[in-house]
Structures are given as C-alpha cells and as structure tokens.
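Reminder, nothing fancy here: chain letters follow the sequence lines and each chain counts from 1.
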There are 2 protein chains.
Amino acid sequence: MPQLPSARPRGPKPHRVDADQLLDAAQEIFSREGLRGASLRAIARQAGCDPALIYYHFDSKEAMFTALLERRFPPLIEDLRRVSDPGDRRPTPLRLWDVMCIYHTRLSHNPGIRSLVRGEIVRGTEGIQELIQNQVGGAALQVKAILEQGIARGEVRQDLDPLLSTFFLVKLHLEILDVLPVVASRLLGVPPGAAVAEGERAWMQLFWRGIAADPTAPVPSLPDLEP
Amino acid sequence: MPQLPSARPRGPKPHRVDADQLLDAAQEIFSREGLRGASLRAIARQAGCDPALIYYHFDSKEAMFTALLERRFPPLIEDLRRVSDPGDRRPTPLRLWDVMCIYHTRLSHNPGIRSLVRGEIVRGTEGIQELIQNQVGGAALQVKAILEQGIARGEVRQDLDPLLSTFFLVKLHLEILDVLPVVASRLLGVPPGAAVAEGERAWMQLFWRGIAADPTAPVPSLPDLEP
DNA sequence: CCCATGATTCAACAACTGTTGAATTAGGTG
DNA sequence: CACCTAATTCAACAGTTGTTGAATCATGGG
C-alpha cells in the first residue's frame with residue numbers, strides 16, 4: 001500500500017543543519033531557559049529541524065551541552081597568552097587592563113550561558129566540573145602569570161597571592177558583565193552599557209590600588225574599551 | 001459500594017505539614033535542582049506529603065518560589081542596620097569587616113538558591129526582579145551608608161562611587177562564598193573552608209587598600225570570622 | 001452527637017520530556 | 001543507472017510534569 005507523501009521529505013537537505021547550527025540554537029535556548037528548562041524540541045525548532053537530528057550529531061542532551069561549552073573557551077586563552085608573554089614589558093596595570101578588554105570582548109555576550117555554568121559549578125555537577133576547570137584554569141593561569149611577573153618586576157606587592165587575586169579580578173569582572181547591566185537602571189540610574197564601562201574602569205582602578213607595590217603610584221591612564 | 005480503605009487516610013493529620021515546612025523542602029530541592037529542574041513531586045516527597053497539598057498553601061509553583069525568596073532576606077538587613085548606624089565610630093575597615101562577617105554568617109549556606117536567583121536576575125525574569133531588587137537593594141543601601149560615612153570622616157577616598165563600590169564588595173564576597181569552595185581544591189590546593197576564610201581576609205585587605213583615603217595607612221588587624 | 005471547616009490524599013488531565021528504530025530521501029560515485 | 005552512504009523525518013515509547021476536582025478525614029464548636 002503506497003504511503004501518503006510525508007509532510008516534510010526525509011533525507012539530506014540542500015541547506016544542511018550541521019552540528020554548529022545546532023549548537024548555535026542550543027546556546028540561545030540554554031541561555032534563555034537554563035539547562036533543565038531547555039528542551040531538545042525547542043532547540044530543534046530554533047534550528048529548523050527535527051529533534052531526532054540532534055541524536056545524529058550528539059549522543060545525548062548532556063553531550064550536546066558539553067559540546068557547547070567546549071567550543072567557547074579556546075580563543076579566550078589564546079588572546080590571554082599574547083598578553084601574558086614575558087616579552088610584554090608594559091606596566092602591569094596596562095597589561096591587566098588588556099586582560100579586562102579581552103574578557104569584555106570575548107564574554108560581554110551570553111551571560112545566560114555563564115550563569116548556567118556558574119550554577120552548575122556551585123551545584124557541584126560532575127563532568128562539567130572537569131571541563132570547566134580545564135578551560136577556566138587555563139585562562140586563570142595566564143592572568144596569574146602576569147601578576148607573578150608584576151611581583152618579580154617590583155610593581156605588585158610581594159605578599160600578594162597571585163592565584164587568589166586572579167580569582168578576584170576575573171570573578172568580579174564577570175559580575176560586572178553579567179549582573180551590573182541588569183541592576184544598573186535601578187541601582188545606579190545609568191544605562192546598562194555605561195554602567196559596565198564605568199564599573200570596569202572603577203574596578204580596574206580599585207584593584208590596582210589594592211595590589212600595587214607602591215600605594216602612592218597613580219593608576220596609568222586607561223584607554224577606552226572597544227565597544 | 002463501599003470504597004477500599006485508602007493507602008493513606010485523607011484529612012488533617014496530627015503532624016501537620018505547614019507552609020514553612022513545605023518551603024524548607026522547597027529550599028532544599030530548588031537549591032539542588034534549580035527552578036526548572038525541581039519538581040513539585042520531589043518537593044512533596046521531601047516534605048512527606050502529597051503534591052496537591054502544595055496547592056492548598058500556594059497558588060502555583062512560581063508562587064511557592066516567590067514565597068521562598070520573600071522569607072529569606074529580612075534578618076540580613078536588620079543586622080546590617082546595626083552596623084551602618086552613624087553612632088558606630090569604629091574605623092571604617094572594621095565596620096566593613098563586620099559587614100563581611102554578617103554576610104558570612106547569614107549567607108554561607110545555600111549557595112544553590114543564590115546561584116538560582118542570580119541566574120534569574122541575569123536572565124531578566126520578571127516578578128523576581130522586583131522582589132530581589134527590593135531585598136538586595138535594602139541591604140546594599142546599608143553598606144553604601146557605611147562607605148558614605150567613611151568618606152565624610154576622611155577615611156575613604158573622596159572620588160569613590162559608594163554604590164558601585166558596595167556592588168564590588170558584596171558581589172565578590174558572594175563569589176568567595178559560593179564559587180571559591182568549589183574551585184579551592186583544584187585551584188588553590190586548600191580545603192574549601194580554609195579557602196573561604198583566606199579569600200575573605202585577602203579580599204577585605206585588597207578592597208580596603210583600594211578605597212582608603214590614605215594609601216599608606218595599614219589595614220587594621222581583623223578579628224577572625226565566626227565559624 | 002451533629003455539623004462545618006480546614007487539611008489532607010487520590011486519581012486524573014493535558015502536555016511535555018529525552019530518546020530510539022525505521023522509513024525515507026539527496027547526492028555522490030562507479 | 002544502480003547502489004551506497006549520510007542525513008533527515010516520523011511515530012512512538014515510557015516517564016514526568018504542573019495542576020485540579022472530588023473524596024476523605026481530624027478536629028472543634030454548638
């Protein structure tokens with residue numbers, strides 16, 4: 001008995017939906033709904049395909065989430081490596097400001113995913129811990145190296161714990177990127193974009209005063225962040 | 001036709017499951033599974049009742065979550081009010097350290113809920129924004145007042161933005177409480193509790209150096225935090 | 001004792017979920 | 001043209017979800 005023509009033909013399509021497009025859709029839906037709230041049906045709708053196609057590219061929902069995380073970090077670490085090169089002889093505050101610029105450029109979007117990841121870190125979710133520690137740890141080591149070089153050059157306090165200070169610098173910067181825009185209009189009475197720029201500059205200056213070997217040395221003039 | 005005896009008799013029980021007990025269970029399940037991942041059936045199991053009882057006390061799952069948030073903040077604000085009283089003439093760093101002690105005491109548990117709340121803030125979830133801003137804003141104003149008094153007394157830099165600095169102080173402290181324990185063993189090679197204590201002390205000292213009017217003034221000796 | 005009220009469970013609803021095996025198709029190769 | 005492979009959809013599975021109306025019960029008051 002001949003089958004009725006199907007609503008949408010099966011088989012490969014001229015405009016393929018590849019793994020990257022699925023991950024683009026995943027990023028948007030995970031960001032908006034969270035890990036548990038995001039459904040594969042919603043991700044498939046966003047990508048314009050059937051949910052079953054997701055299983056062609058990924059083993060499971062969790063595998064897809066892991067793949068999403070894995071494709072995010074490398075450019076950040078490579079950018080940071082350039083700044084942490086000991087051959088960079090600029091004053092430490094300018095190098096740290098570059099670090100902030102890199103984080104701003106690379107991470108000033110998709111706070112939803114980062115909140116999600118942070119939530120999973122706090123929750124102690126296995127599997128993700130390993131992945132994130134490998135990635136974040138790599139970035140942290142670059143920033144730590146800059147602080148260690150600053151100590152060696154006499155610009156940064158000898159009693160500083162470079163790793164802990166790296167945690168402070170990066171973590172508060174992420175709060176400025178993720179949370180400050182949302183509370184800016186209520187708390188500070190300024191638009192979100194201006195709040196982030198102001199917050200980053202203020203944080204850099206406070207942080208530098210907190211770690212500088214010479215407490216009376218002025219903070220160098222900081223160039224504007226790229227938009 | 002007489003009905004079979006039910007598995008569990010209906011009607012009021014000697015040991016009642018009241019709204020607070022439901023919220024206790026909710027806090028545990030929301031903390032562990034997140035807002036979307038937490039189910040009313042899991043909350044009811046934790047409380048030892050039927051899921052339908054939740055609807056006797058709350059209009060919906062979302063209403064329950066809102067009620068959970070509403071019952072958390074007040075003691076924090078009251079504690080902070082005592083420290084921000086202008087009658088407190090102690091040096092500003094000791095008052096700010098008290099603030100840190102208060103946050104430590106009141107918030108050093110249930111990072112899961114706070115991550116969840118932070119995620120909803122970042123996501124821009126309506127309804128929750130208003131509630132959280134009212135609560136968090138109240139606490140922030142107390143801390144801001146201490147900074148303003150410090151400026152007036154000449155202990156804190158005149159060019160400081162008190163509200164932004166309050167955001168810095170509190171936000172990084174929450175990261176120390178929530179995230180530092182999780183990454184401590186991998187990143188710092190110390191147990192989580194020690195990492196938090198060390199992190200809080202280091203942050204207080206860095207923050208003070210960053211905001212002090214006299215950059216050469218030493219940070220006063222800080223008493224130990226309560227366990 | 002009777003009745004009312006508030007507090008509980010039961011059972012069901014409609015909808016959704018992650019996942020899978022099979023059917024179908026597009027395109028490339030020999 | 002035939003065949004193969006990879007890529008797609010379909011339909012279904014078993015389970016879960018938030019929510020609700022009705023049945024049942026404990027307790028207290030008249």
Check the distance between [N]'s [atom2] and [X]'s [atom1] and give it to me in whole angstrom.
{"X": "B/R8", "N": "D/dA23", "atom1": "CZ", "atom2": "C1'", "result": "15 Å"}
{"X": "A/R16", "N": "C/dG27", "atom1": "CZ", "atom2": "C1'", "result": "8 Å"}
{"X": "B/I29", "N": "D/dG18", "atom1": "CD1", "atom2": "P", "result": "12 Å"}
{"X": "B/E33", "N": "D/dT16", "atom1": "CD", "atom2": "P", "result": "14 Å"}
{"X": "A/H15", "N": "C/dA26", "atom1": "NE2", "atom2": "C1'", "result": "13 Å"}
{"X": "B/L53", "N": "D/dT24", "atom1": "CG", "atom2": "P", "result": "19 Å"}
{"X": "B/M64", "N": "D/dT17", "atom1": "CE", "atom2": "P", "result": "14 Å"}
{"X": "B/I54", "N": "D/dT19", "atom1": "CD1", "atom2": "P", "result": "10 Å"}

Query raised in the report: Hey, does B/M100 have a side-chain heavy atom less than 4.5 Å from the side chain of B/L169?
Result: yes
Query raised in the report: Hey, does B/L147 have a side-chain heavy atom less than 4.5 Å from the side chain of B/L96?
Result: yes
Query raised in the report: With the sugar-phosphate defined as primed atoms, P, OP1 and OP2, and the base as all remaining atoms, what B/S/- string results for nucleotides 17-22 of chain C, 5' to 3', for protein heavy atoms under 4.0 Å?
Result: BBBB--
Query raised in the report: Are side-chain N/O atoms of B/R95 and B/Q149 paired as donor and acceptor at under 3.5 Å?
Result: yes
Query - Earlier contact from the 5' end, DNA chain D, for A/G11 and B/P14 - result: A/G11
Query raised in the report: Under 6.0 Å between ring centres, would you say that holds for B/F207 and B/F168?
Result: no
Requested in this report: Look at the side chain of A/K61 and the backbone N and O of A/A38, then say whether any donor-acceptor pair between them is shorter than 3.5 Å.
Outcome: yes
Query raised in the report: Under 3.5 Å, is there a donor-acceptor pair between the side chain of A/D161 and the main chain of A/L164?
Result: yes
